[in-house]
Protein chains: 6
Amino acid sequence: MTTRGDGRALDQLREVRFTRSWLDHAEGSVLVEYGKTRVLIAASVTEGVPRWRRGSGLGWVTAEYAMLPRATHDRSDRESVKGRIGGRTHEISRLIGRSLRAVIDYQALGENTIVLDCDVLQADGGTRTAAITGAYVALCDAVAWLRQRNLLVAEPLTGSVQAVSVGIVAGTPMLDLAYSEDSTADTDMNVVMSGERYIEVQGTAEQQPFERSVMDDLLDLAAKGCAELDRLQQEALNR
Amino acid sequence: MTTRGDGRALDQLREVRFTRSWLDHAEGSVLVEYGKTRVLIAASVTEGVPRWRRGSGLGWVTAEYAMLPRATHDRSDRESVKGRIGGRTHEISRLIGRSLRAVIDYQALGENTIVLDCDVLQADGGTRTAAITGAYVALCDAVAWLRQRNLLVAEPLTGSVQAVSVGIVAGTPMLDLAYSEDSTADTDMNVVMSGERYIEVQGTAEQQPFERSVMDDLLDLAAKGCAELDRLQQEALNR
Amino acid sequence: MTTRGDGRALDQLREVRFTRSWLDHAEGSVLVEYGKTRVLIAASVTEGVPRWRRGSGLGWVTAEYAMLPRATHDRSDRESVKGRIGGRTHEISRLIGRSLRAVIDYQALGENTIVLDCDVLQADGGTRTAAITGAYVALCDAVAWLRQRNLLVAEPLTGSVQAVSVGIVAGTPMLDLAYSEDSTADTDMNVVMSGERYIEVQGTAEQQPFERSVMDDLLDLAAKGCAELDRLQQEALNR
Amino acid sequence: MTTRGDGRALDQLREVRFTRSWLDHAEGSVLVEYGKTRVLIAASVTEGVPRWRRGSGLGWVTAEYAMLPRATHDRSDRESVKGRIGGRTHEISRLIGRSLRAVIDYQALGENTIVLDCDVLQADGGTRTAAITGAYVALCDAVAWLRQRNLLVAEPLTGSVQAVSVGIVAGTPMLDLAYSEDSTADTDMNVVMSGERYIEVQGTAEQQPFERSVMDDLLDLAAKGCAELDRLQQEALNR
Amino acid sequence: MTTRGDGRALDQLREVRFTRSWLDHAEGSVLVEYGKTRVLIAASVTEGVPRWRRGSGLGWVTAEYAMLPRATHDRSDRESVKGRIGGRTHEISRLIGRSLRAVIDYQALGENTIVLDCDVLQADGGTRTAAITGAYVALCDAVAWLRQRNLLVAEPLTGSVQAVSVGIVAGTPMLDLAYSEDSTADTDMNVVMSGERYIEVQGTAEQQPFERSVMDDLLDLAAKGCAELDRLQQEALNR
Amino acid sequence: MTTRGDGRALDQLREVRFTRSWLDHAEGSVLVEYGKTRVLIAASVTEGVPRWRRGSGLGWVTAEYAMLPRATHDRSDRESVKGRIGGRTHEISRLIGRSLRAVIDYQALGENTIVLDCDVLQADGGTRTAAITGAYVALCDAVAWLRQRNLLVAEPLTGSVQAVSVGIVAGTPMLDLAYSEDSTADTDMNVVMSGERYIEVQGTAEQQPFERSVMDDLLDLAAKGCAELDRLQQEALNR
């Protein structure tokens with residue numbers, strides 16, 4: 001098997017699009033699409049930092065991830081109505097925040113906070129990786145907003161951030177899984193990179209424990225995908 | 001004064017746009033815009049009705065309204081994070097549901113449920129009225145989806161639904177208030193109509209109690225706006 | 001049909017009673033009755049205002065509405081036990097607060113807060129309108145308490161407040177609906193007035209959208225009822 | 001010292017009043033007063049029992065205790081607004097339920113449930129003891145309601161229930177403490193009796209641990225008070 | 001019957017053990033065992049007191065009680081997962097805190113707070129009494145910790161604290177009930193003592209109201225048990 | 001640097017101990033220690049499965065992780081008191097459940113559920129890895145309990161499970177990080193293995209993104225640690 005359900009090559013990303021400034025009020029905003037997966041990201045800048053960080057001279061970056069009830073095939077209940085945030089939501093919010101903070105120099109940011117709201121408008125697999133890749137673009141725009149107003153101490157971005165999922169589907173390693181692929185994967189890995197280096201690797205055996213060689217193959221595939229995403233981000237930021 | 005900050009006539013709507021089928025999974029969906037106010041509506045159809053209604057042969061229509069944290073000028077906290085839904089959110093959800101149910105024949109709908117999720121992506125005044133007007137379009141599409149699958153008992157829609165805000169700003173009655181107008185209005189009224197008849201009228205004195213003549217003027221203005229919205233809905237539904 | 005189930009004329013209020021100083025601790029308190037509907041109102045005065053208003057020199061008035069579990073025909077669960085306040089409760093609390101604030105001069109009140117707790121001891125229709133009408137009386141007593149202690153900047157009350165429900169029952173407009181009438185009404189309107197002017201109008205089509213002429217009839221009927229309530233409030237306040 | 005602040009003898013109850021049928025909808029209801037302490041009790045009968053008891057042939061009795069926000073000298077926040085019930089509220093609800101269940105023959109009650117809602121309208125010490133004593137009266141009326149409809153298996157009440165507080169104030173044992181006494185007591189005891197026998201005894205050293213002789217004195221005083229309350233309950237039930 | 005299921009005499013405690021310093025981080029800690037009942041107590045010292053007590057010069061002692069989900073025969077749901085603390089948990093936490101505060105001189109403690117976390121690792125009856133008796137030992141160690149650092153104003157402990165359950169099982173008074181005894185008791189009493197004086201007495205008729213003589217017998221039995229526990233505490237503290 | 005603060009070699013585990021049957025009621029239980037980190041695990045067996053799985057013939061295994069408030073150096077608030085479970089707790093509970101499910105044959109387990117409660121009594125780094133390694137032992141005992149009662153369809157365990165943390169501390173790769181090491185690590189990885197194969201890999205750049213070679217070194221170190229843990233588990237299970 002050399003192609004997939006949607007005609008892609010095994011090591012091919014879905015069509016990736018970044019629409020910058022999708023919102024009028026946010027200091028940075030992007031509508032990012034990985035095929036049918038569509039995530040709206042708003043970067044909100046506020047002066048000051050959370051209480052536990054005040055007076056340190058250091059900035060802060062954090063993220064919140066959520067899904068609209070009908071982003072998925074079947075409608076799911078709102079977390080605001082249930083009155084509590086699910087474990088998956090918490091976990092992904094933490095991952096996104098951690099990933100972006102890996103390329104931030106807090107001293108250079110000064111006592112400013114950037115909140116990245118990642119709201120999934122439509123889900124077709126890879127929502128967390130699309131959110132991270134898009135959040136980097138929105139973060140760049142928010143940093144530019146601060147720069148224009150002379151609110152930065154120095155240049156806070158120390159690198160770029162990309163993320164992609166990889167997995168073993170029907171025995172074959174594949175890049176950037178769509179929902180139909182992800183739901184039948186044996187092994188599934190989310191990789192967050194900054195150029196050629198790693199920020200976060202999360203691999204999970206969905207069926208059987210996997211060999212070291214499988215991990216090596218998946219890491220290679222992810223590196224290829226992240227390099228391509230890096231190029232697309234730069235393109236979008238240069239428009 | 002004959003025109004407004006954005007150049008509109010006193011009795012002129014903002015530019016209204018309906019983008020149908022904005023989502024791939026939902027049975028009906030619309031991105032509705034009243035100027036910069038942008039609301040994404042997903043109509044989800046499920047077979048069956050809530051427990052208290054089972055076996056009655058009657059269908060059900062309900063709505064949920066919410067706002068993304070950065071829909072507004074300043075970021076607000078997520079209700080899912082706060083763990084409780086605010087009073088304003090509840091009130092608007094109830095209003096939208098009630099408004100759409102006014103044109104539904106439950107018997108004809110059969111034991112099917114339609115949930116209308118109205119998520120405000122960007123807010124610039126009139127979010128609840130845009131949500132109602134858009135929800136009618138999404139509802140029509142969801143009903144068409146049921147019709148194509150022969151899941152209806154009869155034709156469930158008994159009329160159309162439009163909504164618009166009107167108010168007295170700086171002593172002058174105006175149609176379809178933008179945020180900057182709404183926040184300085186003396187009196188503010190949301191009117192939900194079905195063609196020439198009324199579904200809901202909510203008028204509030206923001207500053208001083210108002211005279212009966214003021215209410216009459218505002219009702220006239222709203223009727224004009226709703227007639228125009230009715231025409232635009234039909235246009236969108238015929239595309 | 002010229003009379004109703006309980007023998008009233010179509011434009012006749014139920015027996016309305018105000019028992020002032022029903023509580024020993026509150027700065028103002030009233031047990032208000034609209035027939036069998038019985039609402040206990042406590043006006044609590046505290047020096048100072050909520051944080052977001054401090055240092056402004058302006059006072060604040062707010063309200064909370066709640067129902068005892070066995071106020072109704074069947075017992076309902078306590079909201080404190082359920083751990084969340086229902087949408088209806090929120091909506092009515094907001095309506096009561098807004099209605100009373102319409103006759104308050106915040107500057108004259110000075111940095112004082114008055115909380116109006118409206119607890120429905122028994123419900124037979126019109127609980128929100130009875131709460132508003134009674135809250136005005138309790139508010140007057142709380143203001144008198146402040147006046148006696150020289151804690152006011154000037155006279156804060158700029159008018160009176162009355163509220164009544166009206167509706168179309170079996171095709172006929174009626175004043176001050178009891179529960180049995182309200183539950184079968186075609187159209188139902190709550191009107192809050194300050195003498196002859198309007199503070200809030202909330203009209204809802206429970207069955208069919210209604211004509212403009214219906215709204216006009218209902219507004220006339222409500223005005224008549226509020227005038228009578230205004231007279232009864234003055235009588236109670238003069239005792 | 002032989003009398004108290006309010007002129008009572010050390011072993012004298014405050015004026016105790018029972019107003020039966022204070023509510024129109026409840027199967028049993030009483031407004032009970034111990035001086036200024038005023039508790040409204042509604043006994044609600046429903047056919048059937050909670051799930052864990054179904055099919056056992058046994059009935060159930062339970063209670064919920066709550067306080068209006070302005071029952072006390074200073075307004076306290078609503079537990080429904082706080083979103084959780086405080087420890088004190090839980091504890092008293094459990095005490096009331098346990099106390100009444102001590103005189104119920106579940107078999108005789110059949111699979112019926114009686115919920116006793118005890119809402120404190122005004123608090124001046126002894127709210128839990130007033131609630132228990134009043135709840136017995138409301139329970140009798142609810143049982144009578146069941147009896148009239150032939151819904152009982154046999155006679156479910158196996159005794160009466162009374163409760164009173166006693167304490168050491170300024171070194172002296174006193175019966176039925178008012179708030180001003182209770183807040184300065186060294187030792188404080190709530191005693192629930194069924195005629196001459198004990199259902200519950202809860203004694204607490206508020207300042208210093210106390211001697212066995214103190215406990216004996218307080219138990220004697222409580223027995224005297226409960227005997228008087230038993231007489232007053234019978235009087236009220238015979239009216 | 002002169003012995004019980006587990007071979008104990010009627011007035012005999014289960015084997016009681018105190019393992020001090022079970023934890024490395026806490027300022028005081030004890031694993032207390034009453035037979036199979038096993039409670040881990042951590043005493044945490046923090047400088048300062050809750051906001052409502054600041055600047056008073058007085059210290060504070062409080063307690064929290066909880067049970068691991070599989071402490072009991074059948075697993076129970078976590079209160080953290082349910083999102084609310086049950087009434088029983090609240091009530092016992094309050095009892096433990098109150099009991100320990102009865103032997104604390106707040107002035108001598110200075111503005112320090114000691115929190116006693118009592119976590120039941122295994123439950124076999126008497127968890128609250130074991131918690132209180134063990135908490136006293138942990139409290140002594142936490143006070144010693146403060147003393148060594150010269151953080152006390154004076155000696156804050158004014159006495160010792162012991163607790164034990166007593167009850168009427170199969171018509172016979174028994175000391176220190178195990179779960180199998182407690183669950184079939186007619187009357188059940190928890191007694192908290194400070195040497196020969198009483199801090200708290202909570203007696204409950206589980207089946208039938210009980211006579212005064214029963215209470216006297218149970219109090220005698222409890223006094224005997226507490227004297228023995230006092231001796232065992234001293235022994236443990238002297239090791 | 002060839003040894004660490006506590007004298008261990010870079011590739012040396014802390015002292016690991018398994019105390020089986022630490023609890024009397026649970027079907028399987030272990031107190032697992034990685035040095036000062038101490039986690040109590042209770043495996044609870046119940047017949048039947050959650051509703052969404054009924055009738056499938058398949059079993060279920062799930063886990064809950066929690067920490068006692070004074071497990072850590074400073075006391076933290078209880079999640080039951082805060083009313084919500086934190087993101088970290090959710091994430092670890094999900095990880096433990098997923099890890100154990102990777103070696104379960106649901107068909108062989110039959111419609112039985114095993115819940116693994118992992119309560120951290122004392123924390124000194126590596127609580128999640130100790131929990132997973134210990135949970136495998138408790139799971140084996142729970143499976144043995146089912147086997148003895150002939151409640152299994154076939155043998156449900158398809159492999160063993162071990163977990164250990166590895167990281168780069170002061171530029172050097174180290175095995176099984178204690179808290180003091182973990183809090184200063186540049187890169188930190190949790191590895192869950194089943195013998196020589198991988199169940200889950202979670203690597204995070206705490207400071208700088210890391211090279212592929214760093215990941216390879218850490219994976220080697222983790223494999224060595226897991227092999228040793230596998231041996232220690234077998235030893236404990238054979239006792």
Side-chain angles (χ1 to χ4, degrees), chain C residues 21-31 33 35-47 62-86 88-90 93 113-124 138 142 178-179, chain D residues 21-31 33 35-47 62-86 88-90 93 113-124 138 142 178-179:
Chain C
S21 302
W22 205 83
L23 296 170
D24 292 296
H25 308 319
E27 286 73 28
S29 73
V30 175
L31 181 71
E33 294 167 90
K36 287 185 177 175
T37 288
R38 222 177 285 174
V39 185
L40 176 59
I41 292 146
S44 298
V45 175
T46 47
E47 276 187 86
T62 186
E64 290 187 7
Y65 167 96
M67 229 184 234
L68 293 197
R70 195 56 199 279
T72 44
H73 281 84
D74 296 308
R75 184 179 186 275
S76 48
D77 290 337
R78 285 175 193 270
E79 296 188 319
S80 59
V81 169
K82 288 188 287 185
R84 51 172 69 196
I85 290 181
R88 183 183 172 278
T89 299
H90 260 306
S93 293
T113 296
I114 302 176
V115 180
L116 296 154
D117 283 293
C118 306
D119 285 272
V120 179
L121 305 185
Q122 187 161 280
D124 185 38
Y179 176 74
Chain D
S21 303
W22 205 83
L23 296 171
D24 293 295
H25 309 317
E27 285 74 29
S29 73
V30 175
L31 182 71
E33 294 167 89
K36 286 185 178 173
T37 288
R38 222 176 285 174
V39 186
L40 176 58
I41 292 146
S44 298
V45 175
T46 46
E47 276 187 86
T62 186
E64 290 188 6
Y65 167 96
M67 227 184 237
L68 292 197
R70 196 56 200 278
T72 44
H73 282 83
D74 295 309
R75 185 178 184 275
S76 47
D77 289 337
R78 285 175 193 271
E79 295 188 320
S80 60
V81 170
K82 288 188 287 186
R84 49 171 71 196
I85 290 181
R88 183 182 173 277
T89 299
H90 260 307
S93 293
T113 296
I114 302 176
V115 180
L116 296 154
D117 282 293
C118 305
D119 285 273
V120 179
L121 304 186
Q122 187 161 280
D124 186 37
Y179 176 75

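Put simply, the side chain of D:D24 reaches to within 4.5 Å of the side chain of C:R38, judged on heavy atoms. Side-chain atoms of C:L68 and D:D117, non-hydrogen and from C-beta on, never get closer than 4.5 Å to each other.
Across C:R70 and D:A43, no two heavy atoms sit closer than the pair NH1-O, 4.0 Å. Residues C:L23 and D:L121 share a closest heavy-atom pair of CD2-O, 3.6 Å.
Contacts between C:V115 and chain D at a heavy-atom distance below 4.5 Å involve the side chain alone, from C-beta outward. Only the backbone of C:T72 comes within less than 4.5 Å of a heavy atom in chain D; its side chain stays farther off.
Comparing C:A71, C:S44, C:A42 by how many heavy-atom pairs each has under 4.5 Å with chain D, the most go to C:S44. In terms of heavy-atom pairs under 4.5 Å with chain D, the best-connected choice from C:H73, C:K82, C:R84, C:E79 is C:H73.
Side-chain atoms of C:H25 come within 3.5 Å of backbone atoms of D:A123 as a donor-acceptor pair (strictly under, hydrogens ignored).
Legend: residues meeting side-chain hydrogen bond (donor to acceptor under 3.5 Å, both in side chains) with C:E64, ordered by chain and number and at least two apart, are D:R75, D:R78. The side-chain hydrogen bond (donor to acceptor under 3.5 Å, both in side chains) check on D:S80 picks up nothing, with sequence neighbours excluded.
To the nearest 0.5 Å, atom CG of residue C:L40 and atom CG of residue D:L40 are 10.0 Å apart.
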